[in-house]
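Below is one structure, written out as structure tokens; comments come after it.
Sequence lines set the chain letters: A, B, ... in the order given, protein chains first and strands last, and positions in each chain run from 1. Quick caveat: nothing in here was measured; it's all calculated off a predicted structure.
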Amino acid sequence: MRISQFPLHTLKETPADAEVISHQLMLRAGMIRKVAAGIYNWLPLGLRVLRKVEDIVREEMNRAGAIELLMPAVQPSELWQESGRWQQYGPELLRLRDRHQRDFCFGPTHEEVITDLVRREFSSYRQLPVNFYQIQTKFRDEIRPRFGVMRAREFLMKDAYSFHLDQESLEQTYQRMHQAYSRIFERCGLKFRAVRADSGAIGGALSHEFMVLADSGEDAIAFSDAGEYAANVELAEALAPSTPAPAAGEPMQLIDTPEAKTIKELVEQFGLPVERTVKTLVVTAADEAGGGLVALIVRGDHELNAIKAEKLPEVASPLRFAGEEEIRAAVGAGPGSLGPVNLPIPCIVDRSVSVLANFGAGANIDDKHYFGIHWERDVPLPKVADIRNVIAGDPSPDGVGTLQIARGIEVGHIFQLGEKYSSAMGATVLDEAGGSRVVTMGCYGIGVSRVVAAAIEQNYDERGICWPSPMAPFQIALLPMNMHKSERLREGAEALYGELVAAGFEVLFDDRKVRPGFMFADMELIGIPHRLVLAERALDAGTVEYRGRTDADSTEIARAELIGFLRERLAF
RNA sequence: CGGGGUGUAGCUCAGCCUGGUAGAGCACCGCCUUCGGGAGGCGGGGGUCGUAGGUUCAAAUCCUGUCACCCCGACCA
């Protein structure tokens with residue numbers, strides 16, 4: 001491709017409304033332009049990258065035995081009524097009405113449509129299992145779209161849905177999808193991890209997320225430094241330290257702590273180790289548990305995990321923290337002075353708290369704490385549960401190694417759905433014995449447009465994007481130095497361009513009449529992985545200058561060996 | 001949806017406080033010089049200052065409404 005014939009609209013300055021690096025660089029490189037909040041044009045350069053990802057996804061899905069189809073973006077409300085999600089989904093579902101006043105939505109996902117298709121078309125167990133996929137535009141009316149295409153409202157998604165007679169068959173396909181996803185992200189050249197995940201609102205049992213590792217990621221993942229264990233921090237099980245509680249020593253004392261409202265202040269002022277403090281968080285109790293408030297206690301250096309807490313029968317879902325007034329009314333002391341001793345409301349303690357001894361906590365009297373608390377001796381041990389986030393250094397829940405924490409961007413998610421949609425919508429087949437059986441389902445998503453942004457978050461430097469080769473919009477940038485001044489150089493560049501194209505490389509030939517520095521800056525910004533510079537000097541010497549996007553220096557390659565050299569370099 | 005902020009040229013922004021009829025840099029067009037790291041000079045095009053109303057002799061500037069966008073919180077590929 002000649003740049004003279006390709007709209008390359010790079011920006012020298014960063015648009016003011018871009019927060020994260022991928023958004024900034026995609027705008028500056030001229031890959032995308034905003035049309036409205038969370039809605040983007042993909043310019044030709046960006047589209048080339050998107051198509052690269054799409055092609056890899058399509059190849060690997062096909063290889064894994066999935067069958068491509070295409071479902072409508074606009075879906076009738078009746079199907080969503082059947083699954084119950086017309087009511088449940090909430091304002092994130094973009095609802096539309098046609099000229100006959102019939103309700104529709106712009107599909108945020110396609111379980112209803114695919115289940116409807118399958119119940120009509122499939123009637124025998126002999127036709128199963130089957131796994132359908134599509135690559136299609138979705139719309140989710142996010143409350144707050146942000147970070148460019150990373151969290152857009154309209155986005156490109158690969159979604160797949162599998163149908164099975166039994167759980168065993170579902171598990172086989174689930175495993176194949178797990179492998180296919182791993183291959184996809186490996187082929188994209190991304191560092192990623194598959195982690196156990198919460199199945200969330202979509203429902204179902206087993207679920208894994210595929211996370212591209214990047215410091216800017218919105219999710220935290222926990223993984224074992226020695227074993228296979230990896231899970232979203234939301235889900236990762238937090239064990240209690242295995243050391244047994246020491247025997248009771250000092251008696252419990254009531255201490256004046258007027259200046260210590262926070263754990264940090266308590267630790268600083270009284271020299272108490274933070275691992276022997278606890279914090280008491282007060283949340284709304286579940287109606288089934290009698291309403292009112294319930295206290296959740298975690299160690300001073302730990303954080304409450306809201307998702308785990310919500311799952312407790314005693315705790316209202318969604319989790320809601322009590323205000324200071326409510327706490328005072330129920331406990332008689334303010335939030336900075338709460339603790340398990342003499343606490344007038346129900347209480348649940350984290351596993352790590354249950355094994356503490358000789359620890360400090362608020363006394364439920366303003367400006368006072370108890371130090372030297374021992375369970376059972378000073379206060380009965382309340383209900384114990386896993387309610388905290390794991391932290392680096394915790395033992396791995398599978399007993400192999402210790403946990404590390406990393407940040408990631410969720411680019412894929414696979415679920416074993418079970419019968420949630422098939423039973424609600426009556427998707428059945430006849431089994432061997434002629435009986436009617438509700439099919440069981442899996443679903444598998446990849447945020448194709450998000451993969452593009454995630455790749456940039458993981459691969460950039462101060463000059464711009466550093467595409468992994470398989471995702472790059474072009475593989476090679478061909479930059480002749482001041483070609484307009486030398487007919488000889490023009491001929492040499494044209495010849496080389498022709499040769500590279502004939503050899504099957506995707507070449508971006510900078511035939512603009514611009515200064516060298518301008519060319520370098522543009523090619524580095526848009527992240528072309530391989531750069532060839534052609535100058536008169538080199539022409540005389542019979543060489544071409546090569547430099548990889550992340551190389552420290554360039555190297556001179558003999559013109560005659562160039563194609564072979566590139567073939568080797570670009571093999572992926 | 002709650003809290004905070006911003007709307008002035010394609011982009012980044014100044015001007016607003018203290019009303020007097022709109023500017024800079026980059027980008028774009030023309031010419032000349034320059035040419036291995038986002039060049040320089042000269043000339044040029046482009047903005048009813050988000051929008052509606054109000055105050056005023058006069059509004060980008062002050063007031064009110066409204067819309068859009070961005071940032072912080074709960075959701076997700």
Distance below 4.0 Å between Arg151(A) side-chain N/O and A77(B) OP1 or OP2: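 Arg151(A) to A77(B) OP1/OP2: no side-chain N or O under 4.0 Å.
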Would you indicate, yes or no, if C76(B) has its OP1 or OP2 atom less than 4.0 angstrom from a side-chain nitrogen or oxygen of Arg144(A)? no
Nucleotide of C13(B), A74(B), C11(B) approaching Ala16(A) most closely (side-chain heavy atoms):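 That would be C13(B).
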Quick one: ring-ring contact (aromatic ring centres under 6.0 Å, His included) partners of [X], sequence neighbours excluded?
X         : result
Phe163(A) : none
Phe565(A) : Tyr546(A)
His208(A) : Tyr174(A), His178(A)
Tyr133(A) : none

Can you find a donor-acceptor pair, distance only, under 3.5 Å between His484(A) side chain and C35(B) base? yes
Quick check: any donor-acceptor pair below 3.5 Å linking the side-chain of Arg33(A) to the base of C11(B)?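 Side chain to base: no pair present.
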Interface polar pairs with nucleotides 36-38 of chain B, N/O, under 3.5 angstrom:
residue: G36(B); atom: N1; partner: Glu545(A); partner atom: OE1; Å: 2.7
residue: G36(B); atom: N2; partner: Glu545(A); partner atom: OE1; Å: 2.8
residue: G36(B); atom: N2; partner: Glu545(A); partner atom: OE2; Å: 2.7
residue: G37(B); atom: O6; partner: Arg531(A); partner atom: NH1; Å: 3.0
residue: G37(B); atom: O6; partner: Arg531(A); partner atom: NH2; Å: 3.2
residue: G37(B); atom: N1; partner: Glu524(A); partner atom: OE1; Å: 3.2
residue: G37(B); atom: N1; partner: Glu524(A); partner atom: OE2; Å: 2.9
residue: G37(B); atom: N2; partner: Glu524(A); partner atom: OE1; Å: 2.1
residue: G37(B); atom: N2; partner: Glu524(A); partner atom: OE2; Å: 3.4
residue: G38(B); atom: O2'; partner: Lys12(A); partner atom: NZ; Å: 2.4
residue: G38(B); atom: O6; partner: Arg28(A); partner atom: NH2; Å: 3.3
residue: G38(B); atom: N1; partner: Asp522(A); partner atom: OD1; Å: 3.2
residue: G38(B); atom: N2; partner: Asp522(A); partner atom: OD1; Å: 3.0

If you assign Glu209(A) and Glu19(A) each to the RNA chain B nucleotide with the nearest heavy atom, which residue ends up on the more 5' nucleotide? Glu19(A)
Between Val411(A) and His23(A), just flag the one whose closest nucleotide in RNA chain B comes earlier from the 5' side.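 It is His23(A), whose closest nucleotide lies nearer the 5' terminus.
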Does a side-chain N-to-carboxylate-O contact under 4.0 Å join [X] and [Y]?
X         : Y         : result
Arg488(A) : Asp540(A) : yes
Glu111(A) : Lys420(A) : no
Glu499(A) : Arg559(A) : yes
Arg153(A) : Asp141(A) : yes

With both distances kept under 3.5 Å, what pairs with A22(B), Watson-Crick or G-U wobble? none
Taking any strand in view, what nucleotide pairs with A39(B) in a Watson-Crick or G-U wobble way, both distances under 3.5 Å? U33(B)
With Leu213(A), which of Ile409(A), Leu190(A), Ile221(A) fulfils side chain to side chain contact (heavy atoms under 4.5 Å, CB included)? Ile221(A)
Between [M] and [N] - [atom1] atom distance, rounded Å:
N      : M      : atom1 : result
G37(B) : G47(B) : C1'   : 34 Å
U48(B) : G10(B) : P     : 9 Å
U55(B) : C69(B) : C1'   : 29 Å
G46(B) : A22(B) : P     : 14 Å
G5(B)  : A60(B) : P     : 25 Å
G20(B) : C62(B) : P     : 11 Å
U12(B) : G50(B) : P     : 15 Å
U64(B) : C1(B)  : C1'   : 24 Å

Heavy-atom neighbours of Tyr460(A) OH exceed 12 at 6.0 Å: no
Got more than 12 heavy atoms from elsewhere within 6.0 Å of CD, Glu310(A)? yes
Using whole Å, report how far [atom1] of [X] lies from [atom2] of [N].
X         : N      : atom1 : atom2 : result
Phe147(A) : G73(B) : CZ    : P     : 8 Å
Tyr40(A)  : C70(B) : OH    : C1'   : 11 Å
Glu111(A) : A77(B) : CD    : C1'   : 12 Å
Met483(A) : C35(B) : CE    : P     : 18 Å
Glu218(A) : A74(B) : CD    : C1'   : 13 Å

Taking only nitrogen or oxygen atoms into account, show me every contact under 3.5 Å that the protein makes with nucleotides 67-69 of chain B, one pair per line with its distance.
residue: C69(B); atom: OP1; partner: Ala37(A); partner atom: N; Å: 3.1
residue: C69(B); atom: O3'; partner: Lys34(A); partner atom: NZ; Å: 2.9

Base, sugar-phosphate, or nothing: which does His9(A) touch, judged by heavy atoms less than 4.0 Å apart? nothing
Pick base, sugar-phosphate or nothing for Asp141(A), based on heavy-atom distances below 4.0 Å to the nucleic acid. nothing
